[in-house]
Amino acid sequence: MAAFVATYHYAVSVSPTTVALTLLLAVLIVSATWGLRYAIFLSVVATLAFNYFFLPPIGHFTIADPQNWVALIAFLATAVVASELSERARREALRATQRRKEIERLYSFSQRLLTTENVPQLLNSLPRYVVESFGLRDAAVLAAGRDDIYRSSPSTRELDAEELRSVAARGEPHIDAQRGLFFVPLRLGVRSVGAIGISGGTLSRETLEALASLVAISIERTAAMENLSKAEASREGEKLRSALLDSVTHEFRTPLTAIKASATSLLSDANLTSAQRHELVTVINEETDRLNRLVGEAAEMAQLDANQVELHRESHQVREAIDRALEQSKQSLSDHPVEIVAPAGLPQVTIDLERIKDVLVHLLENAGKYSSAESPVRVTAEAKGQTLTISVADRGPGIDDFEQTLIFDKFYRGKNERYRVQGTGMGLAIAKAVVEAHGGTIGVTSQVGHGSVFWFTLPV
C-alpha cells in the first residue's frame, strides 16, 4: 500500500476516486490473504493515508470540505464491510476445502473397509485404517459383545477403555476438545454396536458421525458375510454328506448283498459241490476287495481334502507308472486292446510313483467301464516344454460340454451312466487332487458319440 501512496502522491497525478479504489483493492487482497484483523488494521491505515495525502488540506489530518468527511467515512465503512465479506468467503472456501478432503478421506477409508471379510481381522485393522486415513495420533475401537479394545498402537493408552464402554452403553458422543479426545458411538439406527475413540485430530462433528456410521456398517456387513459363509459352508456340508450317503449306500449295498447271499448259501446248503463252494467263496473274496477299495477311496479323498497326505517323491520314468497301472487294470481292460505311445527319450519326472499309478488306474478303469467291448484304449505320453503330458483315450459315449465342467467334482457321475456303471464318483476327484498336489493340471477333451481323452500334466 505504501508503494501505491508514494506513486500516486509523488509520481502520478490521479483523482481521489482512483486512489480510494486502489486502496480498497489493497485492503481486499490483504483480507483474502491474511484475514479480517489485518484487513481492518490496513483499512484504518489506508483511511489515514487517504486523508493525509489526498484530501485537502494535503499534509494535515484535518478536512476542509465537509463533503470529504462523508467520502472518508464511506471509504472506511466500505473497506471494513468488504474485508468482512472477503474474510467470510475465505472462511467458507477453507471450510469447503476441508470438507472435500474429509469426504475424500471417508471414501478412501470406506474402500479399505471393503477389502476385509473377517470380523476379527477387520477389528484389528480398523484403528490403523482410521489413523492412516485421517492423519490422527491414535484410535481405538470397541465392538459390542467383545471385551477387547482394538487399538492402532499397543503402546498408547490415551483413549480410556472405560470411556469407550460408557459411550457405547449410553449411545451419546463425548468430546474433550481441550485434550483433543473424541469418543463416538457406533450406531445402526437406534442400536449401538460399539464405540470408537480418536485423538490428535480436528475432525468436524459431521465427519465423526459419518466415520462412526461407516465403521458400524462395516462391522455388521462383515459379520453378516461371515454368517452367510458359515451357512453356505453348512449347506455345502449337508449336500456333501447327502451325496456321500447316496453314493456310498448304493455302492455298498451291491457287494454286501452278494456277500450275504453267498455266505447264506454256504451255511444253509450242505449239498453244494466243491466247485459251487469255490465259486461262492470267490464271490465273497471279490466283493470284499471291492468294499475295501470303496472304503480306501473315501479315506483317501478325506485325506487329500485336508491336505494330510505326504507325497514320497522320487525321480522316475513315467513309463514305470504306466506299466504298473496297466498291470493293476488288467481285469478292467481284458476286453479292450491297449496301445501305448511313450517314446524312450522322455525326461524323468519327480513324482510319488504309487499315487501317479493310482491316477492312471482310475483313468484306465473308467476307459474300460464306459466304452464298449473290443474298442481300443490308447495311452500316450509326450513332453511339451517343461511339462510331461499323459493321456488316456477311449471310444466311449463321450461327455457333453456341461458335464465336462463337473466331471472332476466329488461324487459326480454322468447323468446317463450313474445307474449303468458301478462307481462312487470319487475316482476322478482323487486323481485331480493327486495331480494338483504334484503341481500339474488335469482335464478332459470329449465329443459326444466319439469318445473322450483324459489327460494330465506333470512338471519336468
Side-chain angles (χ1 to χ4, degrees), residues 285-286 289-290 292-297 299-301 303-304 309-396 407-408 421-424 426-446 451-460:
N285 182 59
E286 290 176 351
D289 288 341
R290 183 178 170 191
N292 185 54
R293 186 173 69 253
L294 290 173
V295 173
E297 284 183 351
E300 186 177 13
M301 190 73 253
Q303 289 176 334
L304 288 168
V309 175
E310 183 179 353
L311 299 177
H312 302 285
R313 301 183 188 228
E314 294 180 0
S315 183
H316 292 280
Q317 287 286 344
V318 74
R319 184 61 188 258
E320 297 179 56
I322 294 174
D323 291 339
R324 292 193 184 191
L326 287 170
E327 179 65 27
Q328 186 169 328
S329 307
K330 186 181 296 184
Q331 183 176 353
S332 300
L333 299 173
S334 58
D335 296 332
H336 301 272
V338 178
E339 179 185 0
I340 303 173
V341 181
L346 290 175
Q348 290 193 331
V349 285
T350 304
I351 56 174
D352 185 324
L353 186 61
E354 281 302 310
R355 293 203 175 273
I356 293 299
K357 181 263 295 181
D358 290 341
V359 170
L360 284 165
V361 167
H362 286 303
L363 300 184
L364 290 168
E365 288 185 347
N366 281 350
K369 286 190 296 185
Y370 288 97
S371 49
S372 58
E374 304 304 325
S375 62
V377 174
R378 180 185 176 98
V379 182
T380 305
E382 57 181 335
K384 295 180 180 179
Q386 295 300 310
T387 61
L388 190 68
T389 303
I390 302 97
S391 61
V392 176
D394 62 53
R395 298 286 181 84
I407 201 73
F408 293 98
V421 179
Q422 295 177 347
T424 61
M426 287 188 288
L428 289 178
I430 291 172
K432 179 182 179 183
V434 170
V435 170
E436 290 180 348
H438 280 79
T441 57
I442 189 169
V444 60
T445 304
S446 183
S452 305
V453 179
F454 284 87
W455 54 266
F456 64 94
T457 65
L458 296 171
V460 174

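Note that these values count all heavy atoms, side chains included, but never hydrogens, waters or copies made by symmetry. What you see is a predicted model, and the numbers here were worked out from it, not measured in a lab.
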For the residue pair [X] and [Y], establish whether any side-chain heavy-atom pair is separated by less than 4.5 Å.
| X | Y | value |
| --- | --- | --- |
| Asn366 | Leu428 | yes |
| Glu382 | Leu388 | no |
| Pro376 | Arg395 | yes |
| Ile390 | Thr380 | no |
| His362 | Ile430 | yes |

Mind checking the [atom1]-[atom2] spacing from [X] to [Y]? Nearest 0.5 Å is all I need.
| X | Y | atom1 | atom2 | result |
| --- | --- | --- | --- | --- |
| Ser372 | Asp394 | OG | CG | 9.5 Å |
| Leu364 | Lys369 | CG | NZ | 12.0 Å |
| Gln317 | Leu353 | CD | CG | 11.5 Å |
| His438 | Ile356 | NE2 | CD1 | 4.0 Å |
| Ser329 | His336 | OG | NE2 | 11.5 Å |

Next on the checklist: For Ala325 versus Leu360, what's the shortest heavy-atom pair and its separation?
Outcome noted: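 Taking Ala325 first and Leu360 second, the nearest heavy atoms are CB-CB, 3.5 Å.
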
Checklist entry - If every non-hydrogen atom of Gln331 is compared with every non-hydrogen atom of Ser334, which pair is closest and at what distance? => result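 Nearest pair, atom of Gln331 first, then Ser334: O-OG, 3.0 Å.
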
Check residues 452-460 and write down every donor-acceptor pair under 3.5 Å in which the side-chain atom is one partner and the other belongs to a residue at least two apart or another chain.
residue	atom	partner	partner atom	Å
Ser452	OG	Ser446	OG	2.8
Thr457	OG1	Thr441	N	3.1
Thr457	OG1	Thr441	OG1	3.1

Checklist entry - Judged by atom type as modelled, is there a donor-acceptor pair below 3.5 Å linking the side chain of Ser375 to the main-chain atoms of Ser371? => result no

Next on the checklist: Run the side chain to side chain contact (heavy atoms under 4.5 Å, CB included) test on Val434 and Asp358 for me, step by step, so that the C-alpha distance in whole Å, both residues' side-chain angles and the decisive distance to 0.1 Å come before the verdict.
Outcome noted: CA-CA 9 Å; Val434 170; Asp358 290 341; over 6 Å; no

Next on the checklist: Does anything in residues 345-354 form a salt bridge (Lys or Arg N to Asp or Glu O under 4.0 Å)? List the pairs, not counting sequence neighbours.
Outcome noted: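 Applying salt bridge (Lys or Arg N to Asp or Glu O under 4.0 Å) to every pair that reaches into residues 345-354, excluding sequence neighbours, yields Arg324-Glu354, Glu354-Lys357.
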
Which side-chain N or O atoms in residues 340-351 pair as donor and acceptor under 3.5 Å with protein atoms at least two apart or in another chain?
residue	atom	partner	partner atom	Å
Gln348	OE1	Ser315	OG	2.7

